[in-house]
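Excluded from the calculations below are hydrogen atoms, water molecules and symmetry mates; all remaining heavy atoms, backbone and side chain alike, are included. Chain A is the first sequence line, chain B the second, and so forth, proteins listed ahead of strands; every chain is numbered from 1. Since the model is a prediction, treat every value here as computed from it, not as a measurement.
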Amino acid sequence: MTLLIGSITIGLILALLALGIFISFRIFDFPDITAEGSFTFGASIAASLIVAGINPVAATALAFVGGMLAGAATGFIHTRFKINPLLSGILVMTALYSVNLHVMGKSNVPLLSQNTLFTWFEDFSNNISGKDAVVNLIGWSVPARDLWTLCFCLLIIIACSLLLFWFFRTNIGTAMRATGDNDQMIRALGVNTKVMIIAGVALSNGFIALSGSMLAQFQGFADVQMGIGMMVWGLASVIIGEALISENSLGMVIAGAVIGAVLFRLLVAIALRWGMNPNDLKLITAGFVFIALVLPGIMKKTKKIKLIQ
Amino acid sequence: MLELSNLYKTFNAGTINEVNALQDVSLSIEDGSFVCVLGTNGSGKSTLLNAVAGTFITDNGTIILNGVNITRQPEYKRARLIGRVFQNPFSGTAAAMSIGENLALAAKRGRKRGLGQVLTATILNELKEKVKTLNMGLEDRLESPIGKLSGGQRQALTLLMSSWLRPDLLLLDEHTAALDPKTAGKVIELTEKIVTEGKLTTLMVTHSMQQAVNLGDRIIMMHQGRIRYDFRGEEKKRMKVADLLSLFDELRRKDQIDNRVAELLELEYV
Ligand SMILES: Nc1ncnc2c1ncn2[C@@H]1O[C@H](COP(=O)(O)OP(=O)(O)OP(=O)(O)O)[C@@H](O)[C@H]1O
Ligand SMILES: [Mg+2]
């Protein structure tokens, strides 16, 4: 049960990553691999600042800003120099690897004895429920602090989702969605699509860095490798969400990405529990996304064949 | 007033695919004038409209719209002055977004877009009223994605969108070419209504001689990147489909003669 709650918490943290991937992939149709660098960038910024004694909330917020800058760089390279999206992302991701090493000063920064967002949640729990309190949850005894941590993560992700939902229905946000849908049309309506793409990719990477910074604080360290495979991970979450929620409205799609992220994390936890080799995790994730990408096409084909017969 | 002087545009300059799509095009269009642009395929009609709209920057010449020199302005800035409808019904609307959202986007053409909600109650009411004038029953479907509509419905909505805020210039590029004749007729009717009611300065590309004869107060005919004929006033009123057809034939004959002369010269000198 503790494992389950831990998995859901990580799933919620990675839901921020899924929201970021959702913005770049689904709203802008921009395959943005900067994600892998900015996830680590967020983690390294937060970790270094926390070690330097900065307030964890400020450190997390600055991680978000750092991610936005990374995304803006990718968007700028793409729009200004007409380099294709994937290559622009690869350039920034590669550059970020060095930047991250510089920010952290080494390849791994431990946070175990530091004040992080999550030690705050624990302190809060100790104050409210008492130290080392245990809650009985449908027959299982669960540490109260794990439950509180889960609740806080849930609150953060709900707030972020609502914020995005609100933003994408404002005049600017709607123009952003239109940029991803039909850039010719929205340019003819007076919108600078280059600025929209830069801002959108920046927003996306802000959320991804936020996710990285929270994961680092939750697991107690930042590592220069922690971003590897995160883009496909986020994509898998978004795809699961879309499969679950067939409706196309903005609110449902955002909710889908969040639910997909939690579900995907749970599936992975279960698979690991059943003895899946952790080294195979990325292979299987990639295979899963591949199947999810080609399956709709194949299903259409078989349907057509049936119609012909 | 739109004033084009000595516009040039060459695509793929310096390669074997070089095309002189616009060659020394000068044209001035008075306020409220409705100009039909005719011409053979590849004669540069779309290029002319794209040059004015700012899809690309021209190689040479100037474009002045209502006293503002817009020659070097990017497309999105010109959009404040210019409304557009494209040939492809998919080009003018964002398919995945709702009818209401598409229209609301157009209600802010060229204006500042802030953090206000795009679909407020007042905007929705205004939208409903406007869409009702189309008589297509779309006012009750403002929530549904615009991609689900037919090409004709989408072109009608695009027309409405391009003229929502009165544009100083309306550009229509064969906006009925992809529609069946009946729908095309309806969209043309709507075009006429919008243009006359708003007294809009309009540049409309068409392949239909009939449309050119019936609509507007001026016809220009393009060929090989140049304006070859320009009829207005009484002369335009007297124009018949047959006259236009014979002009086309004449242009084609001249082409053939040019080609034959070129061949002869080649035999002679090469
Ligand atoms: N973006 C472009 N790149 C290269 N060549 C182009 C481009 N746009 C137009 N052309 C070329 O310029 C010439 C004029 O094209 P344009 O589209 O203006 O013709 P048109 O008069 O609109 O023809 P149609 O009646 O077929 O629409 C053509 O030879 C075309 O191939
Ligand atoms: Mg054309």
Side-chain angles (χ1 to χ4, degrees), chain A residues 22-30 75-76 79-80 82 162-200 202-203 238 242 245-254 256-257 296, chain B residues 49-50 53-55 73-98 100-120 123 143-148 154 157-158 161-162 164-165 167 170-171 173:
Chain A
F22 161 75
I23 296 172
S24 52
F25 259 82
R26 286 303 186 232
I27 299 222
F28 283 93
D29 205 6
F30 191 110
F76 182 75
T79 53
R80 178 70 180 76
K82 302 202 164 70
L162 285 178
L163 197 70
L164 274 186
F165 179 66
W166 166 80
F167 176 71
F168 280 121
R169 287 156 56 100
T170 62
N171 283 305
I172 292 189
T174 313
M176 271 195 188
R177 281 159 59 212
T179 302
D181 195 336
N182 184 346
D183 60 329
Q184 181 185 26
M185 164 255 195
I186 197 67
R187 236 179 289 121
L189 292 178
V191 171
N192 186 344
T193 47
K194 290 182 179 175
V195 170
M196 288 295 143
I197 290 173
I198 294 173
L203 188 66
V238 171
E242 281 171 354
I245 293 172
S246 49
E247 213 187 316
N248 232 347
S249 74
L250 181 65
M252 296 310 274
V253 178
I254 292 178
Chain B
L49 261 61
N50 288 338
T55 310
Q73 263 187 15
E75 185 178 6
Y76 74 91
K77 280 203 179 138
R78 301 187 198 188
R80 195 183 163 80
L81 310 171
I82 298 174
R84 283 188 92 179
V85 183
F86 304 90
Q87 173 172 355
N88 186 341
F90 298 131
S91 301
T93 48
M97 300 172 72
S98 71
E101 283 172 331
N102 271 280
L103 288 162
L105 280 169
K108 282 208 175 288
R109 174 171 53 77
R111 303 297 146 93
K112 224 176 140 46
R113 292 167 203 266
L115 286 173
Q117 287 289 296
V118 77
L119 287 175
T120 56
I123 277 269
E143 304 273 311
S144 54
I146 211 163
K148 293 236 162 81
R154 283 175 82 165
L157 285 171
T158 311
M161 286 163 62
S162 61
W164 186 296
L165 300 175
L170 182 62
L171 298 177
D173 189 355

Legend entry - A/Arg187/A/Asp183 ion pair, N-O < 4.0 Å: yes
Legend entry - B/Lys108 portion near chain A, given a 4.5 angstrom heavy-atom threshold: both
Legend entry - Under 4.5 Å from a heavy atom of chain A, the part of B/Phe90 involved: backbone
Inset, instruction - May I ask you to name which of B/Arg113, B/Glu101, B/Met161 has the most heavy-atom pairs under 4.5 Å with chain A? - result: B/Arg113
Inset, instruction - Measure B/Ala53 against the heavy atoms of chain A and call it side chain, backbone, both or neither at under 4.5 Å. - result: neither
Legend entry - Option in B/Ala94, B/Pro74, B/Ala79 with maximal non-hydrogen atom pairs under 4.5 Å from chain A: B/Ala94
Inset, instruction - Indicate yes or no for a side-chain donor-acceptor contact from B/Arg78 to the backbone of B/Thr55 under 3.5 Å, with no hydrogens or angles considered. - result: no
Inset, instruction - Check for a donor-acceptor pair, side chain of A/Asn182 on one end and backbone N or O of B/Thr93 on the other, with a separation under 3.5 Å. - result: yes
Legend entry - Other residues, nucleotides, ligands: >12 heavy atoms within 6.0 Å of B/Gln117 CD: yes
Inset, instruction - Heavy-atom pairs under 4.5 Å with chain A are the metric here; pick the option from B/Asn102, B/Leu105, B/Leu165 that has the most. - result: B/Leu105
Inset, instruction - Please determine, by modelled atom types, if B/Arg84 and B/Asn50 share a side-chain donor-acceptor pair under 3.5 angstrom. - result: yes
Legend entry - Side-chain donor/acceptor of B/Arg80 to backbone N/O of A/Gly190, under 3.5 Å: no
Legend entry - Max heavy-atom pair count under 4.5 Å with chain B, selected residue of A/Val191, A/Ile172, A/Ile186, A/Asn171: A/Asn171
